[in-house]
Engineer: 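Below: one structure in structure tokens.
Whatever order the structure lists them in is the order used to number ligands and atoms, beginning at 1.
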Amino acid sequence: HIQGTRWNKNVLTFRIGRYTRDLRRSVVDSLIESAFSVWARASGLTFVRTNSHNADIMVEFVTYAHGDFYPFDGPRGTLAHAFGPGMGTGGDTHFDDDERWSAGAAGYNLFVVAAHEFGHALGLRHSRNPESLMYPTYKAFRPANLLSREDVDNIKALY
Ligand SMILES: COc1ccc(S(=O)(=O)[C@H](CC(=O)O)C(F)F)cc1
Ligand SMILES: [Zn+2]
Ligand SMILES: [Zn+2]
């Protein structure tokens with residue numbers, strides 16, 4: 001993805017567009033907000049939810065071709081993707097709604113995947129450390145502290 005380096009502001013707005021039918025909207029809202037707060041705590045950034053269409057970070061559940069050059073692939077495979085910082089699609093985060101999204105251990109845990117994607121939306125690339133949230137493959141569950149020391153150092157180096 002065309003990745004900018006970093007956002008040049010400390011307050012970022014996000015809007016949740018199309019939801020998944022796997023979870024209640026209120027549960028999706030809280031999991032997304034929790035995933036943002038993981039990075040807010042480590043970076044000092046502030047994330048504000050908005051209904052306006054020019055939010056910095058657009059969050060949507062979509063399937064197959066959905067308006068960008070990265071169509072999803074049905075169940076499994078690619079779970080989600082996010083654009084790096086920037087105008088327009090910059091920061092936008094899409095979840096493949098052909099996956100089974102969960103708030104627990106079933107299917108794919110939305111909180112874990114969202115936190116990883118928001119790392120990309122803030123400008124982080126992948127880590128080679130399997131303990132890091134930014135490691136490229138999904139792990140069913142992580143310890144309470146989602147971010148590794150390396151994840152924290154990387155976001156602090158950026159903001
Ligand atoms: C831990 O969070 C994730 C791990 C792996 C993925 S992914 O398998 O969808 C990955 C996309 C990504 O690294 O964001 C793959 F390249 F498609 C998404 C989130
Ligand atoms: Zn997309
Ligand atoms: Zn990734």
Engineer: Mind listing the closest non-hydrogen atom pair of Arg76 and Glu99 along with its distance?
Structural biologist: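 Here Arg76 and Glu99 meet closest at N-OE1, 2.6 Å.
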Engineer: With a 6.0 Å cut-off on ring centres, are His94 and Tyr70 close enough?
Structural biologist: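 Ring centres of Tyr70 and His94 not closer than 6.0 Å.
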Engineer: Check the pair His81 / Phe72 against ring-ring contact (aromatic ring centres under 6.0 Å, His included), numbers first and verdict last.
Structural biologist: CA-CA 9 Å; His81 57 221; Phe72 281 133; 4.5 Å; yes
Engineer: Could you check atom 7 (S) of ligand 1 against the protein and tell me its nearest heavy-atom contact, residue, atom and distance included?
Structural biologist: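 The closest one turns out to be Leu79 N, 4.1 Å.
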Engineer: Between Lys139 (side chain) and Pro130 (backbone), is there a donor-acceptor pair under 3.5 Å?
Structural biologist: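 Judged by distance alone, yes, a pair lies under 3.5 Å.
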Engineer: Can you check whether Tyr135 and His126 have ring centres sitting under 6.0 Å from each other?
Structural biologist: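 For Tyr135 and His126, the ring centres are not under 6.0 Å apart.
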Engineer: What atoms of ligand 1 come closer than 4.0 angstrom to any heavy atom of Val113?
Structural biologist: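 Checking each atom against Val113, I get 2 (O), 19 (C).
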Engineer: Hey, does the side chain of Asp153 reach the backbone of Glu150 with a donor-acceptor pair shorter than 3.5 angstrom?
Structural biologist: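 No; judged by distance alone, with no hydrogens or angles, the pair does not exist.
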Engineer: Among protein heavy atoms, which sits nearest to atom 13 (O) of ligand 1, and what does the distance come to when rounded to 0.1 Å?
Structural biologist: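 Answer for atom 13 (O) of ligand 1: His126 NE2, 2.9 Å.
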Engineer: Under 4.0 Å from atom 2 (O) of ligand 1, is there at least one protein heavy atom?
Structural biologist: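 Yes, there is one.
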Engineer: In His94, what N, O or S atom is nearest to the Zn ion (ligand 2), if we give its atom name?
Structural biologist: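 Per the distance ranking, His94 contributes ND1 as its closest N/O/S atom to the Zn ion (ligand 2).
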Engineer: Is there a polar contact between ligand 1 and Lys139, counting only N or O atoms under 3.5 Å apart?
Structural biologist: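 For ligand 1, there is no N or O atom that lies under 3.5 Å from one belonging to Lys139.
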Engineer: Taking the Zn ion (ligand 2) as the vertex, how big is the angle to NE2 in His81 and OD2 in Asp68, rounded to 10°?
Structural biologist: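 Centred on the Zn ion (ligand 2), the NE2/OD2 angle is 120° (to 10°).
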Engineer: For the CG atom of Asp56 and the CZ atom of Phe47, what is their distance to the nearest 0.5 Å?
Structural biologist: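 It is 10.0 Å, given to the nearest 0.5 Å.
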Engineer: Just need the protein heavy atom nearest to atom 5 (C) of ligand 1, so name the residue and atom and give the distance.
Structural biologist: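 Of every protein heavy atom, Pro136 O, 3.2 Å lies nearest to atom 5 (C) of ligand 1.
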Engineer: Rounded at 0.5 Å granularity, tell me how far CH2 in Trp101 sits from CG in Leu31.
Structural biologist: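 Those atoms lie 11.0 Å apart.
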Engineer: Restricting to N/O/S, name the atom of His120 that gets closest to the Zn ion (ligand 3).
Structural biologist: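 Of all N, O or S atoms belonging to His120, NE2 is the one nearest the Zn ion (ligand 3).
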Engineer: Can you tell me which residue and heavy atom of the protein come closest to atom 4 (C) of ligand 1, and the distance to 0.1 Å?
Structural biologist: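 Looking at atom 4 (C) of ligand 1, the protein heavy atom closest to it is Tyr138 N, 3.6 Å.
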Engineer: Atom 14 (O) of ligand 1: which protein heavy atom is closest, and how many Å away?
Structural biologist: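 The closest one turns out to be Glu117 OE2, 2.7 Å.
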Engineer: To which protein heavy atom is atom 11 (C) of ligand 1 closest, and what is the distance rounded to 0.1 Å?
Structural biologist: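 Its nearest protein heavy-atom neighbour is Ala80 O, 3.4 Å.
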Engineer: Below a 4.0 angstrom heavy-atom separation, can you tell me which part of Ala82, side chain or backbone, both or neither, approaches ligand 1?
Structural biologist: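 Neither; no heavy atom under 4.0 Å.
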Engineer: If we only consider heavy atoms of His120, is any one of them less than 4.0 Å away from an atom in ligand 1?
Structural biologist: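 His120: in contact with ligand 1 (<4.0 Å).
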Engineer: Please check if the side chain of Ser43 supplies one atom and the backbone of Leu45 the other of a donor-acceptor pair under 3.5 Å.
Structural biologist: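 Answer holds: yes.
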